[in-house]
S.K.: 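After the structure tokens below, expect a handful of questions from me.
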Amino acid sequence: FSSVTSVLNMSVFKDEFVLEDLIKEFKKKSTGLSFGPLQSNGHISVQGSFPAIKLLRDFLLLKAKSLSEKDKREESKSHQRPRRRLQQQRLTTETSHFVRDADGEKQVVVLDTDIYHYMAYFFPRTFVVNDGAVISATTNGGITTVYIENVGSRSDAGRVLRVKERIENQSIKLHNILRKERIYFEEHIRDEKRRYKWACESLKPRYPYVLVIPYDTHIDVIGNSSEIFEFTKEVR
């Protein structure tokens with residue numbers, strides 16, 4: 001949970017911004033992130049906490065949205081506009097979903113999968129919505145994407161936005177305190193797996209805020225650092 005790394009493709013902005021200046025703006029806004037050198041192809045690596053990376057992503061999408069809206073204004077002024085470069089077309093396509101979401105009909109939150117499981121188990125009310133909105137989630141490995149969509153007859157942009165902010169705030173709090181330990185099965189036999197799972201179940205009453213997730217090859221233990229350390233030690 002402590003750190004993730006992403007590679008940003010900044011080449012899509014080079015026709016509108018000086019990339020070096022744009023990166024300086026990143027660094028001022030995202031002091032908790034570490035940036036690598038800008039490559040000749042416009043790629044740059046960035047490292048930091050998962051919430052900080054998400055905030056940077058939102059900032060980039062706002063920049064991209066401003067370009068998209070600028071293009072629309074220019075198109076309304078002239079129908080004889082030259083054909084846009086392929087990478088700019090791709091930028092508009094990739095950000096169209098974000099622009100559409102900005103209307104409030106649908107919001108997206110990207111979560112660490114382990115944090116999502118912990119929230120769903122211990123804080124299920126975080127994902128409870130009133131009539132007129134629905135929440136769905138898809139998991140792809142270590143990332144879970146949560147969708148909040150307005151399905152009522154009356155559009156309420158504020159409703160889905162409030163749900164999104166509630167989920168994000170809870171995930172940031174948990175990100176700062178949660179840790180994970182992994183207990184691997186030494187032998188892939190049914191009896192050993194049963195013993196481990198029985199040990200975890202028997203210890204749960206003493207560790208009510210530890211989440212245990214069993215898999216075929218291992219068991220994940222999620223909670224604050226001191227509790228999961230003691231928990232895994234006793235299980236072993």
S.K.: When you measure from the side chain of Thr113 to the backbone N and O of Gly142, does any donor-acceptor pair fall under 3.5 Å?
M.R.: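 The answer is yes, because a donor-acceptor pair under 3.5 Å joins these two groups.
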S.K.: Quick check: is Val18 connected to Val12 through a chain of hydrophobic side chains (ILVMFWY, heavy atoms under 4.5 Å apart)?
M.R.: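 Per the 4.5 Å side-chain linkage, Val12 and Val18 are not co-clustered.
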S.K.: How far apart are the closest heavy atoms of Thr5 and Gln47, and which atoms are they?
M.R.: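 Reported closest heavy-atom pair: OG1-NE2, 3.4 Å.
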S.K.: For Tyr121, is the OH atom crowded, meaning more than 12 foreign heavy atoms sit under 6.0 Å from it?
M.R.: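 Incorrect, the count does not exceed 12.
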S.K.: Atom CD of Gln170 and atom CZ of Arg166: how far apart are they, to the nearest 0.5 Å?
M.R.: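 Interatomic distance, Gln170 CD to Arg166 CZ, rounded to 0.5 Å: 10.0 Å.
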S.K.: What heavy-atom pair brings Leu33 and Ala52 nearest, and what distance separates the two atoms?
M.R.: CD2-CB, 3.6 Å
S.K.: Establish whether Leu203 and Phe229 are linked, either directly or via other cluster members, by ILVMFWY side-chain heavy-atom contacts under 4.5 Å.
M.R.: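 In one cluster: no.
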S.K.: Quick check: closest heavy atoms across Ile228 and Gly223, and the distance to 0.1 Å?
M.R.: CG2-N, 3.3 Å
S.K.: For the residue pair Ile167 and Met119, what are the closest heavy atoms and their distance?
M.R.: O-CE, 3.7 Å
S.K.: Looking at CZ of Arg182 and CG of Asp220, how far apart are the two atoms once the value is rounded to the nearest 0.5 Å?
M.R.: 4.0 Å
S.K.: Do you know which two heavy atoms are closest between Pro205 and Ser202, and how far apart they sit?
M.R.: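 Minimum heavy-atom contact is CD-O, 3.4 Å.
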S.K.: I'd like to know whether CZ of Arg236 has more than 12 heavy-atom contacts from other residues, nucleotides or ligands below 6.0 angstrom.
M.R.: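 Yes, enclosed.
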S.K.: Treating Ile, Leu, Val, Met, Phe, Trp and Tyr as nodes and any side-chain heavy-atom pair under 4.5 angstrom as an edge, say whether Val146 and Ile172 lie in one connected cluster.
M.R.: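 No, no single cluster joins them.
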S.K.: Side chain of Asn224, backbone of Glu227: donor and acceptor closer than 3.5 Å?
M.R.: yes
S.K.: Do the non-hydrogen side-chain atoms of Ile115 and Ile222 ever get within less than 4.5 Å of each other?
M.R.: no
S.K.: Please evaluate residues Phe122 and Leu174 with respect to the criterion side chain to side chain contact (heavy atoms under 4.5 Å, CB included), reporting the C-alpha separation (whole Å), side-chain torsions for both, the decisive distance (0.1 Å), and the verdict.
M.R.: CA-CA 11 Å; Phe122 288 107; Leu174 293 175; over 6 Å; no
S.K.: With side chains defined as the heavy atoms from C-beta onward, is the minimum distance between Asn9 and Val7 less than 4.5 Å?
M.R.: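 Contact flag for Asn9/Val7 side chains = no.
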S.K.: Is Lys233 salt-bridged to Glu230, cutoff N-O under 4.0 Å?
M.R.: yes
S.K.: Counting only N and O atoms by type, is there a donor-acceptor contact under 3.5 Å from the side chain of Lys27 to the main-chain atoms of Phe35?
M.R.: no
S.K.: Contact between Ile44 and Phe26 at the side-chain level, heavy atoms closer than 4.5 Å - yes or no?
M.R.: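 No. Closest side-chain heavy atoms not under 4.5 Å.
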S.K.: Please assess Leu211 against Val221 for the test side chain to side chain contact (heavy atoms under 4.5 Å, CB included), listing each intermediate value before the final yes or no.
M.R.: CA-CA 6 Å; Leu211 178 63; Val221 182; over 6 Å; no
S.K.: Given side chain to side chain contact (heavy atoms under 4.5 Å, CB included), test Lys54 with Val109 step by step and report yes or no.
M.R.: CA-CA 9 Å; Lys54 286 200 302 177; Val109 184; 4.2 Å; yes
S.K.: Are the aromatic rings of Phe127 and Tyr116 close, with centres under 6.0 Å apart?
M.R.: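 Ring centroids of Phe127 and Tyr116 are less than 6.0 Å from each other.
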S.K.: Do the side chains of Leu60 and Phe13 get nearer than 4.5 Å, heavy atoms only?
M.R.: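 Yes. Closest side-chain heavy atoms under 4.5 Å.
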S.K.: Calculate, to the nearest 0.5 Å, the distance between atoms CD1 and CG belonging to Ile143 and Leu111 respectively.
M.R.: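 Output value for this atom pair is 8.5 Å.
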S.K.: Can you tell me how far the NE2 atom of His218 sits from the CD1 atom of Ile213, to the nearest 0.5 Å?
M.R.: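 Nearest 0.5 Å value for the NE2-CD1 distance: 8.5 Å.
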S.K.: Can you tell me how far apart CG (Leu19) and CG (Leu8) are? Round to the nearest 0.5 Å.
M.R.: 11.0 Å
S.K.: Between Asp191 and Arg194, which heavy-atom pair has the shortest distance, and what is it?
M.R.: OD1-NH1, 2.8 Å
S.K.: Drop me the distance from His175's NE2 to Tyr118's OH, to the nearest 0.5 angstrom.
M.R.: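 Separation between the atoms: 14.5 Å.
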S.K.: Side chains of Cys200 and Phe231: does their closest heavy-atom pair fall under 4.5 Å?
M.R.: yes
S.K.: Inspect the contact between Arg195 and Glu192 and indicate whether a charged nitrogen and a carboxylate oxygen are less than 4.0 angstrom apart.
M.R.: no
S.K.: A side-chain contact here means heavy atoms from C-beta on lying under 4.5 Å apart; do Val163 and Ile135 qualify?
M.R.: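 Yes, side chains in contact.
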S.K.: Check the surroundings of atom CG in Asn176: do more than 12 heavy atoms from other residues, nucleotides or ligands lie under 6.0 Å from it?
M.R.: yes
S.K.: Between the side chains of Glu234 and Tyr207, does any donor sit under 3.5 Å from an acceptor?
M.R.: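 A pair is found: one side chain offers a donor N or O, the other an acceptor, under 3.5 Å apart.
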S.K.: Can you confirm whether the side chains of Thr144 and Thr139 place a donor and an acceptor under 3.5 Å from each other?
M.R.: yes
S.K.: Taking the side chain as everything from C-beta on, heavy atoms only, tell me whether Leu56 gets closer than 4.5 Å to Val46.
M.R.: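 Yes - at least one pair of side-chain heavy atoms lies under 4.5 Å apart.
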S.K.: Counting C-beta onward and ignoring hydrogens, is there a side-chain heavy-atom pair between Val212 and Lys204 closer than 4.5 Å?
M.R.: yes
S.K.: Take Leu161 and Gln107 through the test side chain to side chain contact (heavy atoms under 4.5 Å, CB included) and record every step on the way to the result.
M.R.: CA-CA 7 Å; Leu161 187 59; Gln107 294 289 342; 4.1 Å; yes
